[in-house]
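Encoded as structure tokens, the structure appears first; notes follow it.
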Amino acid sequence: MPEPSHRLRWAPIPATSLNIELSLTSGQVFRWTRNAGGAWLGAVGDIGAYIVPAERGFWWATYPPDRWNVVEAFFSLQVDVESLYREWVRSDRRFAELIDLFRGLRILRQPPESALCSFICSSCNNVPRISGMVGSLARLVARQLAVPWFEELRADPTLVDLARVQERALRDAGFGYRARYLAQLGRLACSGLTPDIEGLERFGWSEARAALMALPGVGAKVADCVGLFAYGRHDVVPVDTHVRRYVVARFRPDLATRSLTPRVYDALAAEFRGIMGPYAGWAQQYAYMAARSGVAIASLQGGTG
DNA sequence: GGTAGACCTGATAA
DNA sequence: GTTATCAGGTCTA
């Protein structure tokens with residue numbers, strides 16, 4: 001595989017501000033791969049990206065070339081995480097531990113339709129299997145990008161792309177019950193029966209969220225993932241099993257035995273947002289990682305200081 | 001408004 | 001080897 005080494009450009013963003021590996025492997029995106037030389041390869045929409053992490057920054061290339069705006073937006077580089085960290089520790093002293101563990105973890109900004117497909121696949125599932133499905137989906141429906149330094153790279157899929165595959169084929173590829181949702185979504189999109197998913201970004205969140213939740217396979221959690229990971233709604237808190245455990249153990253033990261009804265879901269999200277503030281969605285990713293890796297819940301339990 | 005079961009599958013634990 | 005549980009949930013009755 002020829003590499004774009006002669007065209008690599010430098011971005012002086014230290015790993016303390018952007019931990020590339022952590023950000024790309026934290027269950028937000030599922031299709032980035034690392035080559036033997038430690039370079040990360042992936043697609044952002046229909047742009048190919050090549051990223052080499054280093055201590056004081058990273059080397060990068062895109063195809064088509066020099067699309068810094070794409071890299072910058074994808075990693076949400078306009079967000080100053082250091083100031084978030086200061087705020088978070090003021091809001092919740094024990095967040096210091098999570099910041100130490102996951103410093104440089106960022107919310108990535110993905111194309112909305114692709115994020116929608118990925119998180120429909122995420123229900124009752126684990127990250128390795130989700131990665132397998134999201135990879136299969138791209139191979140089955142998304143178009144191949146002519147990136148000279150990567151033999152096989154697919155664009156991020158769109159909803160109309162989904163119509164290229166039958167539910168049967170998705171089931172055969174191991175998507176399980178999610179196959180029906182994706183196939184339905186493709187048919188709806190091709191018939192013009194889905195809203196303009198990109199355009200929803202400009203609506204108020206409650207309206208956009210309701211429109212997303214009207215789609216097959218999309219409930220509150222998946223809609224919130226699109227809000228946070230695609231629309232840049234920094235305050236939206238997707239409540240999955242891990243975040244639920246975290247918020248219950250940390251702040252709402254009274255909800256420990258309650259099942260996750262829409263009310264309880266909203267209460268947990270509101271609790272966390274009330275404490276962590278306008279970037280609660282970003283903070284959510286740290287809580288998610290902590291709960292998922294099992295390190296923090298016990299030590300964080302009890303007390304509020 | 002809340003609950004129970006069904007829905008696919010693969011990895012890991014018991 | 002078999003069974004149970006767990007994964008970034010959603011839908012229907």
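Per chain, numbering begins at 1; letters A, B, ... match sequence-line order. In this text, all values refer to a predicted model and were calculated from it rather than measured experimentally.
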So, for F58(A) and W40(A), is the gap between ring centers shorter than 6.0 Å? no
Find the distance I130(A):CD1 to dG9(C):P and express it as a whole number of Å. 7 Å
If we take the P atom in both dA6(B) and dA4(C), what is their distance in whole Å? 15 Å
Of all heavy-atom pairs linking L108(A) and Q28(A), the shortest is N-OE1, 2.8 Å
For dT3(B), the Watson-Crick or wobble counterpart (both distances under 3.5 Å): dA13(C)
dG2(B) phosphate, OP1 or OP2, under 4.0 Å from T261(A) side-chain N/O: yes
Under the 3.5 Å rule, do the base of dC7(B) and the side chain of R180(A) count as making a donor-acceptor pair? no
Just call it for A179(A): base, sugar-phosphate, or nothing, with non-hydrogen atoms closer than 4.0 Å on any strand. nothing
Among the nucleotides dG8(C), dT10(C), dG10(B), whichever has the atom closest to the side chain of R129(A) is dG10(B)
Look at the aromatic rings of F119(A) and F30(A) and report parallel, tilted or perpendicular, splitting at 30° and 60°. perpendicular
Does V218(A) reach a base, just sugar-phosphate, or nothing at all? Heavy atoms under 4.0 Å. sugar-phosphate
According to the Watson-Crick and G-U wobble definitions, with both distances under 3.5 Å, which nucleotide is paired to dC8(B)? none
Check the distance between dG9(C)'s C1' and L212(A)'s CG and give it to me in whole angstrom. 15 Å
Ring stacking, Y288(A) with base of dG8(C), under 5.5 Å and under 30°? yes
Is it true that D46(A) and R143(A) make a salt bridge, defined as a side-chain N closer than 4.0 Å to a carboxylate O? yes
Regarding R106(A) and S17(A), do their side chains bring together a donor and an acceptor under 3.5 Å, going by distance alone? yes
Whole Å only: how far is the CG atom of L260(A) from the C1' atom of dT3(B)? 13 Å
Residue whose nearest DNA chain C nucleotide is more 5′ - V127(A) or L215(A): V127(A)
May I have the distance from R245(A) (atom CZ) to dG9(C) (atom P), rounded to whole angstrom? 11 Å
So what does S131(A) hit on the nucleic acid, given a heavy-atom distance under 4.0 Å: a base, only sugar-phosphate, or nothing? nothing
Whichever of Y181(A) and G27(A) has its nearest DNA chain C nucleotide further upstream toward 5': G27(A)
Write down the distance between OH (Y177(A)) and P (dG9(C)), rounded to a whole number of angstrom. 8 Å
For F175(A) and dC8(B), what is the distance between atoms CZ and C1' respectively, to the nearest whole Å? 12 Å
Report yes if a side-chain nitrogen or oxygen of S259(A) is closer than 4.0 Å to either non-bridging phosphate oxygen (OP1 or OP2) of dT3(B); otherwise report no. yes
What's the gap between dC7(B) and dG8(C) when it is taken at their P atoms, as a whole Å value? 23 Å
Distance between the P atoms of dG5(B) and dT5(C), in whole angstroms? 14 Å
C1'-based separation of dC11(C) from dG10(B) [nearest Å]: 23 Å
Nearest-Å distance, CG (N125(A)) to C1' (dT5(C))? 15 Å
Any base atoms under 4.0 Å from F30(A), or only sugar-phosphate, or nothing? Heavy atoms, all strands. nothing
Does R178(A) make a side-chain N or O approach to OP1 or OP2 of dC8(B) shorter than 4.0 Å? no
How are the rings of W10(A) and W59(A) set to each other: parallel, tilted or perpendicular (split at 30° and 60°)? tilted
For Q284(A) and dG8(C), give me the distance from atom CD to atom C1', rounded to whole Å. 9 Å
Pairwise P distance, dT10(C) and dA11(B) [rounded to whole Å]: 24 Å
So, for W282(A) and F272(A), is the gap between ring centers shorter than 6.0 Å? no
